[in-house]
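Structure first, then comments.
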Amino acid sequence: MPLSIRDMRTNAHKFVQTYTEAYKENAESQSFLNDFFAIFGIPRRRVASFELPVKVDEKGTKRIDLFWPGVLLVEMKSQGQNLEKAYQQGIGYFRGLKDEDLPRYVMVCDLNTFKIYDLDHKRDYTIQLADLADNLDLFSFMLGKEMQDITEYELNERAALLLGQLHDSLEQSGYAGHDLQVFMVRILFCMFAEDTGVFNPRQFIRYLLRFTADTGHDTELHLQKIFQVLDKPYDQRNKNLPDEQAEFPYVNGHLFRERIDMPSFDAEMRTQLIECCYFNWKDISPAVFGSLFQSIMDKQARRNLGAHYTSELNIQKVIEPLFLTDLKNELDDILTLKQLKKRNQRLIEFTQKLRSLSFLDPACGCGNFLIITYRELRRLELKVLHAQHGGSMALGLEIQPGIPLNNFYGIEIDEWPARIAEVAMWLTQHQMNVEFAKTFGEEPDLLPLKEHANIHHDNALELDWAQVIEPQKLNYIIGNPPFVGYVYRKPEQTASQEKVFKGSASFKKLDFVASWFYKAAQFSVNTHIQAGLVSTNSISMGEQASILWQPMLELGIKINFAHRTFAWENDAKGKAAVHCIIVGFAHFDCAEKWLYDYPNIKGEPNRIQVENINPYLIDAPNLVVGNRTKPICNVSIMTKGSQPTDGGNLLLTPEEKNDLLAKQPDMVNWIKPMLGSVEFLNNGERYCLWLANASTKELRELMQIPEIKQRIDAVKQMRLASTKAATRKKAETPWLFDEIRQPQSNYLVIPEVSSERREYIPIGYFTPEIIASNKLQMIPNATKYEFGILTSQIHMDWVRTVTGRLKSDYQYSAKLVYNNFPWPQTNNQQKAQIEKMAQAVLDARQAEFDKDPTTSRADLYDPDLMPPALRKAHKALDKAVDKLYNSKGFKTPLDRVKHLFELYQQLIKQA
């Protein structure tokens, strides 16, 4: 009876261990080749000859190391010799062979490297001895299996595209919903299984090619039969099954148990299925299945699901500081113990610990976090077993891995990824069994499936997690919950979020991801659960930080590690650009707290040990900064500019202004320049009708002008149509801005929105003739000292930490940023010095404006093009302002912000 792929792989592992580096010098070619044939259960003597003499020229007779007529010629060399020359030598023997005996394959080998040449298809393959067990399909010709009709696609995105095309064709044919999802997951399993040794090599694709008609009309019948066979134990199968069906293994694990309606295929759909099977899946990590399946979802669907498939690098950023680094360090410490008895006892305890750990991903998607976590624990376990036992073949011991899939739990709202996650965990288990066999020679049986990850298809925000796993039995919560901004939430998502934050109306201003943080915090009360979750950085800044973290702090949550803002990279096609954070938290303090700070958000972090991590992910007291109506320090009041609420009817473009003045020159006194953030930063030009100082008589005259009357009437109708009572009330004065806050003197402005790329938010002075819109923050009669503090680096570091964001841009708020900013204690002399240096900044700017009047503030503060004189003036000012807070200055932005939070803590105690 032919050997199973598992038996062949076990034989291959033994072969590799036998012919390791230690034995190569003494290895004898014929013994090597005899053992090589034994991998496949082939008695070499029956099919092939050693030292076959051939006469290739008149000089004499040469000998072929191994010859299998019509199939294989082998030329063996000593380690390190030129294998290309060996190949040419082997080809040279063909002159002494009969045409009917010419082999299709030539193999050359130096006891470490194998090169196989397929002469019919003009392809060659190179593998190393250590990788032999993973590449047995390259030698399937030795089992009489023809591969000439199968083309393997390289590992690339085209495979995912093919899978998506099959899915789309099935869906377009009317086959959709639950049955389609189950069907696609089963197909994925079969394709992966035949390429990785769960099935025999190419077993699934060979069956389809041989037994299904090109028209596709009978494809569904054959697939249905295979699915039934895969779910049937060997002893319960029909004795009359054809061998090609009976050879499929029993899978179990309920993957093929459910009876579903099958799709009807046509010729094109069958071809698409075959093309999917052509792809070689063996080098695909199940951790990227989500990325592959993402290719069948459009970008809008991904946005709605909040799905950002996670790269392994980012998963490691979560699990390493959460538990993996500690486990690795603990094992390293054990392995350094000198006392053997103590070392072995500690290894036993460590193994038991590994096998008892449980993990929950409450937004598991396709299972990436669970897959990588399981894989890393298996590798740790393998290291322990190797330390305890060495190689089992030498010792004659029965060694088995013991990390149970049952310890891994997931919740996923969408059925498709939930099913992918379950299958991916099985396939990862198989991959780790293969790794295990490389060390111990024996590969644990995967089939029939005996256990499974506990993946629940449900709404994690409405499900009681205790129904998945009791909190006292859980060790870690991990994952990457959906990134959906609060303005993008669907009604059903808002309803789910409301159930998490019941009793709190402010939750509506929180991004969707915050729900998982709060629910994890609630679930872990009075437990030793530790959580590590990914989020957009919005929950650690702006108004959201106080809304989310204040109740979490009240629950007793402690942040034990955090990755500050970094650029999110993932394994998905069309990957989303997101700025993310990672927060590790629990209801207790860990002995060490680590902060990962990214000087370059696309680069590597600095790992910093800190005393505490607060909700803004800095080493500072556990405080949240909420909206404040007045400044916490004794400084000037900052307000927004005037807000029109006019539907655009009181605003004028330059062209509209010029047209109006051409018809009505007397309107010149009623048209004012009006600037918001965009115009201020980019030299934009906009105007408005400013009738705040118009008398009743003047208004009556203005309303006689058709263009003015039309605009004012439109404002009235717009305000009357509002759902807000206050806005409807303002319809009584439609010629006025809704909110008027225009200063009567010079004033300082800060744009409400500014690019995060800038080192400094450009700020500047206006005269009262220029109307500031509600997109500018204003300080009337601001001094140069106030200008100097607000344009300093320490104020910018405060802004970056506590301000909200519009996308990734700064969204400056008087109530949140300015009113909470701790100003330094200064005397008149210090203020005078700051004013002098602030003037130097203004002078450097003016010099650039004088050179080129078209220069904008955005130009001046482009971080790549900032004029040297301006940068120098800013740096001098920064240094001077720093010393107002600390005579020694500060080394890093984190040092500045830590100091500011300590001052803020003192200020709120005094308030």
Side-chain angles (χ1 to χ4, degrees), residues 1-10 40-43 46 136-137 140-150 166 170 175 179-180 182-267 269-274 276-278 423 426-427 430 443 445-450 452:
M1 182 176 179
L3 296 181
S4 69
I5 183 61
R6 179 176 175 272
D7 292 336
M8 285 188 275
R9 197 159 47 230
T10 296
F40 306 94
I42 300 173
R46 293 185 185 178
L136 295 180
D137 58 313
S140 58
F141 65 86
M142 296 176 64
L143 302 172
K145 296 184 177 180
E146 177 59 52
M147 295 292 288
Q148 62 183 3
D149 56 347
I150 294 182
L166 174 62
L170 291 169
Y175 187 67
D179 287 349
L180 172 60
V182 174
F183 177 82
M184 290 299 295
V185 171
R186 290 178 179 178
I187 292 297
L188 171 65
F189 180 88
C190 291
M191 292 189 299
F192 193 96
E194 71 168 355
D195 285 345
T196 59
V198 179
F199 293 174
N200 288 327
R202 303 299 186 185
Q203 185 175 8
F204 184 60
I205 180 65
R206 288 179 187 282
Y207 182 90
L208 294 176
L209 288 170
R210 181 173 179 183
F211 291 100
T212 61
D214 292 344
T215 61
H217 73 274
D218 60 352
T219 302
E220 66 172 293
L221 300 176
H222 284 283
L223 289 174
Q224 180 77 286
K225 189 62 181 179
I226 290 174
F227 292 169
Q228 291 175 5
V229 170
L230 291 170
D231 191 51
K232 187 80 69 174
Y234 291 108
D235 59 358
Q236 297 179 24
R237 293 181 178 180
N238 190 304
K239 305 303 183 203
N240 296 323
L241 280 177
D243 290 343
E244 291 81 2
Q245 293 178 359
E247 288 174 357
F248 279 97
Y250 171 44
V251 173
N252 195 18
H254 71 252
L255 179 58
F256 295 94
R257 186 168 303 159
E258 180 184 359
R259 294 294 178 256
I260 60 172
D261 287 338
M262 295 292 288
S264 297
F265 280 73
D266 58 21
M269 291 161 64
R270 176 187 176 273
T271 298
Q272 289 174 336
L273 173 60
I274 297 297
C276 288
C277 295
Y278 283 161
V423 172
W426 279 320
L427 299 178
H430 170 66
E443 183 179 320
D445 285 320
L446 177 70
L447 301 180
L449 299 171
K450 305 168 188 68
H452 59 85

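- Residues Lys232 and Arg237 come closest through the heavy atom pair O-NE, 2.9 Å.
- Considering only heavy atoms from C-beta on, Lys239 stays 4.5 Å or farther from Leu241 through its side chain.
- Taking every heavy atom of both residues into account, Cys190 and Phe227 meet most closely at SG-CE2, 4.4 Å.
- Between the Tyr175 side chain and the Phe265 main chain, no donor and acceptor come within less than 3.5 Å of each other.
- Residue His430 comes nearest to Thr196 through the heavy atom pair NE2-O, 2.7 Å, listed as atom of the first residue, atom of the second, then distance.
- Judged purely by atom type and a 3.5 angstrom limit, Arg186 uses its side chain to pair as donor or acceptor with the backbone of Leu255.
- Proximity of the aromatic rings of Tyr250 and Tyr234 is defined here by a centroid distance below 6.0 angstrom, and this criterion is not met.
- Distance alone, capped at 3.5 Å, is enough to place a donor-acceptor pair between the Gln203 side chain and the Glu247 backbone.
- Residue pairs meeting the salt bridge (charged side-chain N to carboxylate O under 4.0 Å, His left out) criterion with at least one partner in residues 214-226, sequence neighbours excluded, are Asp214-Arg270.
- For the side-chain hydrogen bond (donor to acceptor under 3.5 Å, both in side chains) with Tyr207, the qualifying choice from Arg202, Gln245, Glu244, Glu194 is Gln245, the only one to do so.
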Ile205/Ile274 under side chain to side chain contact (heavy atoms under 4.5 Å, CB included): CA gap, chis, key distance, verdict: CA-CA 7 Å; Ile205 180 65; Ile274 297 297; 3.8 Å; yes
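- By the 30° and 60° cut-offs, the orientation of the rings of Phe204 relative to Phe248 is perpendicular.
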Could you please spell out the steps behind the side chain to side chain contact (heavy atoms under 4.5 Å, CB included) verdict for Leu143 and Met8? CA-CA 11 Å; Leu143 302 172; Met8 285 188 275; 4.0 Å; yes
Check the pair Leu208, Cys277 against side chain to side chain contact (heavy atoms under 4.5 Å, CB included), reporting the backbone distance first and the verdict last. CA-CA 10 Å; Leu208 294 176; Cys277 295; 4.1 Å; yes
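- To the nearest 0.5 Å, the span separating CG on Asn200 from CG on Leu136 amounts to 11.0 Å.
- Note that CE of Met184 is 6.5 Å distant from CG of Leu170, once rounded to the nearest 0.5 Å.
- None of Val198, Asp231, Leu230, Val229 except one satisfies the side-chain contact (heavy atoms from CB on, under 4.5 Å) rule with Val251; the exception is Leu230.
- Without hydrogens or angle criteria, Lys450 side chain to Pro448 main chain gives a donor-acceptor distance under 3.5 Å.
- Between atom CZ of residue Phe199 and atom CD1 of residue Ile226 there is a gap of 8.5 Å, rounded to the nearest 0.5 Å.
- Atom NE2 of His452 sits about 7.0 Å away from atom CH2 of Trp426, to the nearest 0.5 Å.
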Give the C-alpha distance, both sets of side-chain angles, the deciding distance and a yes or no for side chain to side chain contact (heavy atoms under 4.5 Å, CB included) between Leu223 and Leu273. CA-CA 11 Å; Leu223 289 174; Leu273 173 60; 4.0 Å; yes
